[in-house]
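In what follows, chains carry the letters A, B, and so on, assigned in the order in which the sequence lines appear, proteins first and then strands, with residues in each chain numbered from 1.
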There are 2 protein chains.
Amino acid sequence: MDTFECAFCQKTFPVDPFHTFCPECQEPLLCKVPKSDKKFHHDKDSPLEIMLDFLPLDQVDQDLSLGEGNTPLLRLKNVEKNFQLPSLYAKNETVNPSLSFKDRGTALATQKAISLGIERIGTVSTGNMAISTAAYGAKAGLETYVLIKEGAYREILNSTGIYDPVMIIVKGDYGELFRRSLSLGKEKNIYFANSVDPFRIEGYKVTSLEIFFQLNQKVPDFIFSPVSSGGHLIGLIKAFQELQQHGFITKLPHFVGVQAEGCSPIAKAFQQNKPSVERMAKAETIANAISNPDPPGGNLLLRMIRQAGGIIMSTPDEKILEAQRILSELEGIFVQPASATTLAGLLKLTDQGKIDQESRIILILTGHGMKGLDKIALKDTHIMHSDIADLESILESVPSD
Amino acid sequence: MDTFECAFCQKTFPVDPFHTFCPECQEPLLCKVPKSDKKFHHDKDSPLEIMLDFLPLDQVDQDLSLGEGNTPLLRLKNVEKNFQLPSLYAKNETVNPSLSFKDRGTALATQKAISLGIERIGTVSTGNMAISTAAYGAKAGLETYVLIKEGAYREILNSTGIYDPVMIIVKGDYGELFRRSLSLGKEKNIYFANSVDPFRIEGYKVTSLEIFFQLNQKVPDFIFSPVSSGGHLIGLIKAFQELQQHGFITKLPHFVGVQAEGCSPIAKAFQQNKPSVERMAKAETIANAISNPDPPGGNLLLRMIRQAGGIIMSTPDEKILEAQRILSELEGIFVQPASATTLAGLLKLTDQGKIDQESRIILILTGHGMKGLDKIALKDTHIMHSDIADLESILESVPSD
C-alpha cells in the first residue's frame with residue numbers, strides 16, 4: 001500500500017492529501033510506492049499510463065487528462081557549437097497544455113483527488129501553478145480555489161481567470177499564506193496541491209522517466225533545473241533514485257539546481273554548507289516564476305542533492321536574460337526567464353571548468369516565454385517600418401549578418 | 001519526382017519555392033508526391049519521419065525540428081454532456097512549439113529550404129505565422145524576414161522579435177503586400193513561405209494523418225477547422241484525399257471550414273454558390289488570426305470543399321467568445337478566438353439539426369489563448385481580495401455552484 005514518508009525522521013503516515021507535512025519535522029512528506037517488480041507499459045499512449053508502476057495511482061482516468069507530458073527532448077547543436085559545449089539537450093516542458101511543467105504535477109494531483117472523492121482543489125501560486133490548477137480543475141469538474149499573491153501580473157490573472165476558478169488575491173507574506181492555505185484546506189475540505197505536495201512531486205518524476213527513455217535508457221551526466229520551492233527538482237531526483245533502486249540504472253545524473261541570485265536561499269545554504277535554508281527578506285529577480293524567498297521544500301532538497309552528489313547554484317538576472325536570448329536566437333525556443341537559469345548555470349560551470357567534454361547534459365525548460373512577454377525589451381531587434389512601395393529599398397538596406 | 005500542379009488547369013511545373021502560383025490561373029500550386037506503395041514508418045519518433053512517404057521530402061533533418069506535431073487528441077466529454085453532442089474530440093494544435101498549427105507548415109518549409117540550399121526565408125503575417133517563421137528560421141540558421149502588417153499587437157511584435165529576425169512593419173493593403181512579397185522574394189532570393197505555400201500545405205497534411213492514427217485508423221465524420229487564407233484546411237483535406245487515393249480509407253470526413261462573420265469572404269462565396277471569392281473591403285472580428293479579407297487560397301478551397309462534400313460557414317464574434325469560454329471553463333483548454341470558431345460552428349450546425357447523433361467529430365484548435373490575452377474580459381470571473389487573516393471568512397462567502 002502507498003504511504004507518505006518523512007525523509008528526516010523516516011516515520012511513515014497514511015496517504016492523505018490533507019496531511020502533507022511531517023507533524024514533527026515540519027518537512028514535506030514524500031510518497032512511497034511499494035509496488036514490486038516495476039515495469040514500463042510502453043504499449044500505452046499516455047505518460048502516466050506508461051509509468052504507472054512508479055506512481056501512486058491504481059489506474060489513470062483519461063477523462064481528466066489535458067494531454068500533459070510526452071514533451072520533446074531537443075538537441076541544441078547551435079548552442080553546443082557557439083559555446084564549445086558537449087552534447088546538450090533541452091527537455092521542453094513549455095509545450096505542456098498550460099505551457100509549464102506544473103501540468104505534470106497538477107495532472108497527478110487531480111487524478112488522486114478524483115480517485116479519493118475529493119470535490120474541491122486549490123493552490124497558492126504566483127503564476128504558472130495558478131494557471132495549471134485552474135485548467136485541470138475545470139476539466140475535472142472540481143471546485144477550484146486559486147490564491148494569488150497580491151501584485152501578480154494582469155496576464156497571470158487573465159490566463160487563470162479564463163477557466164473561471166474562485167480566484168482570491170491575497171495581501172501578506174507568501175510563506176504564511178502557504179501554511180495558512182494548508183490549515184484552511186483541512187477545515188474547508190479543499191485539497192491544496194501546493195508546490196511541494198507529495199502527489200505533485202510524483203507527477204514531476206514522469207519527466208525524468210521520459211528523459212531516460214528518450215536517451216534510449218541512458219543516464220544523462222548532468223540535469224540542470226530551475227529551483228524555486230524545491231518541489232520540481234525533488235521529483236526529478238526521486239525518479240532517478242527509484243530507477244536505481246529497481247535496478248534499471250547503476251549511477252545517478254549530477255543534478256544542478258539553479259536559482260536567481262536575487263532569490264537564492266537554497267543556493268546560499270548549499271554553498272555555506274548549512275543544514276537548513278534561511279528565508280530571505282525579499283525576492284528581487286526578473287525570474288518571477290522562481291522567486292520564492294521561503295521555499296517549503298528547501299531543506300528536503302538540500303538533503304537530497306547532497307546525497308545525490310549535485311549542487312544548487314545561482315545566477316544573476318543579466319545572465320538569465322542573456323541565456324533567454326541565446327535560446328531564442330540560436331535554438332528557436334522562447335522560455336520564461338526562470339527556465340533560462342539552466343543555460344546560464346551551465347555556462348557558468350563551463351567557465352569554471354566543471355563540465356567534462358564527454359558529458360551529456362539536459363536543461364529542463366519549465367515555462368513558455370509567452371507568460372512573461374511584458375518584460376521583453378525589443379530595443380536590440382531589427383525592426384523597420386515601410387510602406388509597400390519602399391519595401392524593395394528597405395530590404396536592400398538590411399545588413400548581412 | 002515531386003512536381004507542382006495547378007488544380008484549375010491541371011498543368012504541372014517543376015518544384016520551385018520561388019514559383020508557387022500558377023502563372024496562368026493565378027491560383028496556388030499544390031505539391032504532387034508520386035512515391036508509389038506508400039507506407040507509414042511507425043518505428044520512427046517524429047511525425048515527419050513517420051509520414052515521410054506522403055511528403056515532398058527525401059529525408060528529415062532532425063536538427064531543424066522544434067518538436068512540432070504529435071499533439072494530443074482530447075475527448076471533450078464535458079461539452080458533449082452539456083450540449084447533448086455525439087463523440088467530440090479536440091486536436092490540440094496549440095501545444096506546438098510556437099503555440100500554433102503554423103509550426104507544422106513552417107517545419108516542412110524549413111526542411112525544404114535547407115535541402116535546396118536556400119539561405120533566406122520570409123513570411124507575411126499578422127501574427128502566428130510571423131512567430132513560427134522567426135522561431136524555425138532561428139533554429140535553421142536562416143536569414144529570416146518577417147513582414148508584419150501595421151497595427152499588429154505588441155505581444156506579436158515581442159514574441160516574434162525575441163528570435164531576432166529582420167522584422168519590417170508594413171503599411172498598406174495586406175493582399176497587395178502578400179503578392180509583392182512573392183515578387184520581391186524572387187528578386188532578392190528570399191523564400192517567402194506564406195499562408196498558401198505548397199510546402200506549408202504539405203506540413204498541414206500531417207495533422208490529418210495523426211488524427212487518422214489517433215482514431216485507430218478510423219475516419220472521423222466531421223472535421224471543423226477555422227479558415228482564413230484557406231491553406232490550413234486545404235492541407236487537412238488533401239491528406240484524407242491521398243489516404244483515399246492510396247487505398248487506406250474508402251470515404252472522406254465532412255469538412256467544415258468556419259470563418260468569423262466579420263471576415264467571411266469564402267463562406268459568402270460558398271453560400272451564394274459563386275465560383276470564386278470576392279475580397280471584402282475590411283475585416284472586423286475579434287478573431288484576428290483569421291481576419292484575411294483577401295484570402296489567396298479561397299478559390300482553391302472552394303473547389304476542394306465542393307468536391308469533398310463539405311461546407312464553409314461563418315459565426316459571429318459573440319458566439320466565438322462564448323465558445324472560447326466553454327472550452328476553457330468545461331474542458332480546461334484555452335484557445336485563441338480563431339480556434340473557438342470550430343465549436344461555435346458545431347453548435348450552430350447542431351441547432352440546425354445537421355449533425356447526426358452517431359457522428360465522431362473533430363475540432364482543430366489552432367492557436368493558444370496566451371496569444372490574445374489582452375482581449376480577455378475578466379468581469380465574469382470570481383475575483384476576490386483578502387488579507388491572510390480574513391481568508392477564512394472570504395472562503396465561507398464563496399457561493400457553491
Short question: side chain of Glu68(A), backbone of Arg104(A) - any donor-acceptor pair under 3.5 Å? no
Donor-acceptor contact present, side-chain Gln324(B) to main-chain Val335(B), <3.5 Å: yes
Any idea which of Asn78(A), Leu66(A), Leu147(A) has the most non-hydrogen atom pairs under 4.5 angstrom with chain B? Leu66(A)
Which of residues 182-189 of chain B have a heavy atom under 4.5 Å from any heavy atom of chain A? Leu184(B), Glu187(B), Lys188(B)
Sequence-distant partners of Glu49(A), salt bridge (charged side-chain N to carboxylate O under 4.0 Å, His left out), two or more places apart: none
Pair Asp294(A), Arg179(A) - check salt bridge (charged side-chain N to carboxylate O under 4.0 Å, His left out), show working. CA-CA 11 Å; Asp294(A) 189 11; Arg179(A) 290 181 289 274; 3.5 Å; yes
In Thr106(A), Val146(A), Thr144(A), Ile190(A), the residue satisfying side-chain contact (heavy atoms from CB on, under 4.5 Å) with Ile121(A) is Thr144(A)
Donor-acceptor pair, distance only, cut-off 3.5 Å: does the side chain of Ser397(A) make one with the backbone of Ile394(A)? yes
Keeping Thr133(A) on the side-chain end and Ala130(A) on the backbone end, is there a donor-acceptor pair under 3.5 Å? no
Top residue by heavy-atom pair count (under 4.5 Å) with chain B, among Pro72(A), Ala140(A), Ala138(A), Gly67(A)? Ala138(A)
For Leu73(B), is it the side chain, the backbone, both, or neither that has a heavy atom closer than 4.5 Å to a heavy atom of chain A? neither
Please classify the contact of Leu74(B) with chain A as side chain, backbone, both or neither, using a heavy-atom distance under 4.5 Å. side chain
List for me each residue that meets ring pair (Phe, Tyr, Trp, His ring centres under 6.0 Å) alongside Tyr136(B), sequence neighbours excluded, and say none if there are none. none
Less than 4.5 Å to any heavy atom of chain A: does that hold for the side chain of Glu396(B), its backbone, both, or neither? side chain
Chain B interface, residue from Glu176(A), Lys371(A), His368(A) that has the most non-hydrogen pairs under 4.5 Å: His368(A)
Relative to chain B, which of Lys139(A), Arg180(A), Lys171(A) shows the most heavy atom pairs under 4.5 Å? Lys139(A)
Max heavy-atom pairs within cutoff under 4.5 Å with chain B, candidates Ala135(A), Ser386(A), Ser46(A), Gly172(A), goes to Ser386(A)
Cut-off 4.5 Å, heavy atoms of chain B, and the answer for Ile131(A) is neither
For chain A, which candidate among Ile148(B), Leu391(B), Ile388(B) shows the most heavy-atom pairs at distances under 4.5 Å? Ile388(B)
Ignoring hydrogens and geometry, is there a side-chain-to-backbone donor-acceptor pair from Glu80(B) to Leu88(B) under 3.5 Å? yes
With no hydrogens and no angle check, just 3.5 Å: does a side-chain donor-acceptor pair link Glu331(B) and Ser328(B)? no
Using the test side chain to side chain contact (heavy atoms under 4.5 Å, CB included), find all partners of Ala323(A) that sit at least two apart in sequence or belong to another chain. Ala340(A), Leu343(A), Ala344(A)
Side chain, backbone, both or neither: which part of Asn96(A) has an atom under 4.5 Å from a heavy atom of chain B? backbone
